[in-house]
Amino acid sequence: KIGRNPMVWTTAGLLPGISVVSWTTVLKAYAVFAVFHIVWKIADTVLSVRRKRRFLKDVPGFVLDPMGKEVSENLLRRHDWKTDMLLPLAKPGVSVVKICFGPAVEVVALDAKTVQHMFKDNFENYDKASEQQD
């Protein structure tokens, strides 16, 4: 009987006590896991974006439409384009601004003193977050 049905996986002799596992059972279990994982990732992304935006609500900045005409026109010069948009926000006392682009939130340092503080003077406090953190 072992090996006659291609839809049955046998563990005879390998794992005592477990004789036959149906491939359909394995596939169903994997499908349930896959659906749960997708729902979890979407919910985690939505909650992460909400936390970031709530945390940065008082930081000046702007929101870009990712499908907007302005984005597609400036795709090849996006760094210059961002600089052009950030210059009007560079006022005395404003050292950091935010750019919201779809679900992504960027924080940009505008002056050299802030960059020096982050990369030289107090580097230990500004490490890169792991993928599990916001």
Side-chain angles (χ1 to χ4, degrees):
K1 293 183 180 181
I2 296 175
R4 290 187 185 179
N5 187 349
M7 295 303 291
V8 175
W9 175 52
T10 180
T11 59
L14 298 176
L15 297 173
I18 300 175
S19 59
V20 176
V21 177
S22 169
W23 279 106
T24 55
T25 305
V26 172
L27 290 176
K28 285 178 187 177
Y30 185 73
V32 169
F33 167 75
V35 169
F36 175 76
H37 185 72
I38 290 169
V39 170
W40 171 260
K41 285 299 222 178
I42 291 170
D44 186 48
T45 301
V46 168
L47 293 174
S48 172
V49 169
R50 288 177 69 189
R51 278 192 303 269
K52 288 176 189 175
R53 290 194 178 188
R54 197 173 326 131
F55 179 72
L56 297 169
K57 69 179 180 196
D58 297 328
V59 177
F62 50 89
V63 178
L64 297 174
D65 179 17
M67 302 305 283
K69 181 181 176 187
E70 199 174 60
V71 174
S72 61
E73 288 175 350
N74 293 296
L75 191 61
L76 297 177
R77 58 176 298 270
R78 62 183 169 266
H79 300 292
D80 296 328
W81 174 55
K82 281 184 185 178
T83 303
D84 294 342
M85 288 191 300
L86 291 172
L87 284 177
L89 296 173
K91 300 173 185 167
V94 177
S95 60
V96 175
V97 296
K98 68 180 174 192
I99 302 172
C100 299
F101 185 74
V105 180
E106 280 183 43
V107 178
V108 181
L110 294 178
D111 61 347
K113 286 185 180 182
T114 304
V115 175
Q116 180 180 357
H117 172 75
M118 290 170 62
F119 288 117
K120 186 178 177 186
D121 299 339
N122 207 356
F123 182 74
E124 294 80 28
N125 288 348
Y126 298 99
D127 61 340
K128 184 175 179 179
S130 69
E131 287 187 21
Q132 302 299 322
Q133 291 178 310
D134 296 337

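When reading the values below, keep in mind they use all heavy atoms of this one structure, side chains included, and skip hydrogens, waters and symmetry mates.
- By the 30° and 60° cut-offs, the orientation of the rings of Phe33 relative to His37 is parallel.
- Asn74 pairs by the side chain to side chain contact (heavy atoms under 4.5 Å, CB included) definition with Glu70, Arg77, Trp81, not counting sequence neighbours.
- Atom OG1 of Thr83 sits about 10.0 Å away from atom CG of Leu110, to the nearest 0.5 Å.
- Summarising the geometry, atom NE2 belonging to His117 is positioned 11.0 Å from atom CG belonging to Asp111; distances are rounded to the nearest 0.5 Å.
- To the nearest 0.5 angstrom, Asp121 atom CG is 11.0 Å from Lys113 atom NZ.
- Each of Thr114, Val97, Val96 was scored for a side chain to side chain contact (heavy atoms under 4.5 Å, CB included) with Val108, with one residue passing: Val97.
- Taking NZ of Lys98 as the start and CZ of Arg53 as the end, the distance is 8.0 Å to the nearest 0.5 Å.
- Note that the CD atom of Gln116 and the CG atom of Asn122 stand 11.5 Å from one another [nearest 0.5 Å].
- Applying the side chain to side chain contact (heavy atoms under 4.5 Å, CB included) criterion to Ala29, with sequence neighbours excluded, gives no partner residue.
- Here the side chains of Val32 and Lys28 are not in contact, with every heavy-atom distance at 4.5 Å or above.
- Side-chain atoms of Ser48 never come within 3.5 Å of backbone atoms of Asp44 as a donor-acceptor pair (strictly under, hydrogens ignored).
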